[in-house]
Amino acid sequence: GNSVTQMEGPVTLSEEAFLTINCTYTATGYPSLFWYVQYPGEGLQLLLKATKADDKGSNKGFEATYRKETTSFHLEKGSVQVSDSAVYFCALSGYTGTASKLTFGTGTRLQVTL
Amino acid sequence: GAVVSQHPSRVICKSGTSVKIECRSLDFQATTMFWYRQFPKQSLMLMATSNEGSKATYEQGVEKDKFLINHASLTLSTLTVASAHPEDSSFYICSALAGDNEQFFGPGTRLTVL
C-alpha cells in the first residue's frame, strides 16, 4: 500500500536559516504529492503540491520537486522566518472512485527562533 | 480559501457515553468529507469517507458500529463515538472535498475519555 516517510522533528532553526524537511514515499501508480502546514490551533492548510514527475510546487518561499527516481518530495526554504514555526506534513493522494484519499507522513515540527 | 469548522474543539466525557463531533463546510458544498484520527507524534490516519446521501466507507480496521458517520447535508457531516472508552481518546480531524478535488481541513477535536 501507499506510505509516506518524513524526517522526525523537532527541527530548530535560527531565523534566515535554510530549511530542508525530507520526505520519501511508496506508492503504486503515479500519485500527486502534497505538503500541508498546521499552525498552532488551526487546521491543516495546503502549502504546495505537485501532480507529476519533475513538477516543482512552490508557495510562500517554500519549494518541493517531485522526484520519481528517488521517490522523494523534499521541502525547502531558503530563509525561514519565526512565522514559519508550525508542523509540516508530507502526503500523497491515491484515487478511489472520484475522491482523493490522502496518506500522510508523521509530521515534522519546525521551530524558528530569533 | 474554503473554511471548514469543527465543533466542539475539545470534549471530555466519562467512559460509556457517546460523543458527537460536527464538521461543517462554511462557504462551499461538499458531497464528500473525510474523518481522520491523529495519535500523538503520529500521522493522520483516515478512518472513513463520508458521502452525502449514502453510507460512509470505512477503512480497514475501523469499527463502523463504534464510529457512526452521518452526512446529513452538503455542508454537514457528524462523527459519533458510541460508548466511548479511554482508548478512543484522540484528536479527530475532518476534511471536506472541494470541487477541484482539494481537501480543506477542520481545526480538529480533541476527545478525552475518562
Side-chain angles (χ1 to χ4, degrees), chain A residues 1-11 21-27 30-52 57 59-60 73 86-110, chain B residues 1-10 21-26 30-52 54-62 71 77 91-110:
Chain A
N2 296 340
S3 67
V4 175
T5 302
Q6 61 181 107
M7 60 190 293
E8 289 190 23
V11 174
I21 300 178
N22 290 335
C23 171
T24 57
Y25 68 91
T26 301
Y30 303 94
S32 293
L33 301 174
F34 306 84
W35 276 101
Y36 285 86
V37 58
Q38 186 176 30
Y39 297 103
E42 299 183 17
L44 275 71
Q45 301 172 24
L46 179 63
L47 180 60
L48 54 84
K49 67 179 181 182
T51 58
K52 61 182 187 297
N59 186 26
K60 300 181 181 180
F73 193 55
V87 180
Y88 292 83
F89 292 90
C90 184
L92 65 83
S93 72
Y95 279 86
T96 57
T98 57
S100 300
K101 290 176 63 173
L102 290 172
T103 300
F104 286 89
T106 54
T108 302
R109 182 175 298 278
L110 170 65
Chain B
V3 179
V4 175
S5 70
Q6 280 186 243
H7 178 80
S9 58
R10 305 174 71 94
I21 302 169
E22 293 184 348
C23 177
R24 294 182 184 272
S25 56
L26 297 186
T31 56
T32 302
M33 293 184 175
F34 299 90
W35 286 96
Y36 296 86
R37 184 173 179 177
Q38 185 180 26
F39 293 98
K41 298 185 179 181
Q42 295 189 24
S43 62
L44 282 74
M45 301 297 296
L46 180 64
M47 300 174 64
T49 303
S50 170
N51 302 295
E52 190 268 339
S54 65
K55 291 183 179 180
T57 304
Y58 290 82
E59 295 300 300
Q60 192 172 8
V62 177
H71 199 142
S77 176
F91 195 58
Y92 293 89
I93 301 173
C94 74
S95 70
L97 194 66
D100 60 355
N101 256 346
E102 180 176 342
Q103 291 188 36
F104 292 91
F105 288 81
T109 297
R110 182 161 302 283

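Each chain gets a letter, A, B and so on, in the order its sequence line appears, and its residues count up from 1.
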The interface call for B:Gln6 against chain A, heavy-atom contacts under 4.5 Å, is neither
Specify the closest pair of heavy atoms between B:Ser43 and A:Gly105, including all atoms of both residues, with the distance to one decimal.
-> CB-O, 2.8 Å
Option that, when pairs with chain A are counted at under 4.5 Å, heavy atom only, ranks first among B:Gly108, B:Ser95, B:Pro107, B:Ser9 = B:Pro107
Heavy-atom pairs under 4.5 Å with chain B are the metric here; pick the option from A:Thr103, A:Leu46, A:Val87 that has the most.
-> A:Leu46
Of the non-hydrogen atoms in A:Gln38 and B:Phe91, which two are nearest, and what is the gap between them?
-> NE2-CE2, 4.2 Å
Would you find more than 12 non-hydrogen atoms of other residues, nucleotides or ligands less than 6.0 Å from A:Tyr30 atom OH?
-> no
Which answer fits B:Leu46, side chain, backbone, both or neither, if we ask what part of it has an atom under 4.5 Å from a heavy atom of chain A?
-> side chain
B:Phe39 versus chain A, heavy atoms under 4.5 Å apart: side chain, backbone, both or neither?
-> neither
Applying a strict 4.5 Å limit to non-hydrogen atoms, the region of A:Phe34 in contact with chain B is neither
Search all heavy atoms of A:Phe89 against all heavy atoms of B:Gln38 and return the closest pair with its distance.
-> CZ-NE2, 3.4 Å
What do you reckon, is CE of A:Met7 surrounded by more than 12 foreign heavy atoms closer than 6.0 Å?
-> yes
Kindly compute the distance separating CG (B:Leu44) from OH (A:Tyr36), expressed to the nearest 0.5 Å.
-> 10.5 Å
If you take all heavy atoms of A:Leu102 and B:Tyr36, which pair is closest and at what distance?
-> CB-OH, 3.8 Å
Check against salt bridge (Lys or Arg N to Asp or Glu O under 4.0 Å), B:Glu59 and A:Lys101 = CA-CA 11 Å; B:Glu59 295 300 300; A:Lys101 290 176 63 173; 2.9 Å; yes
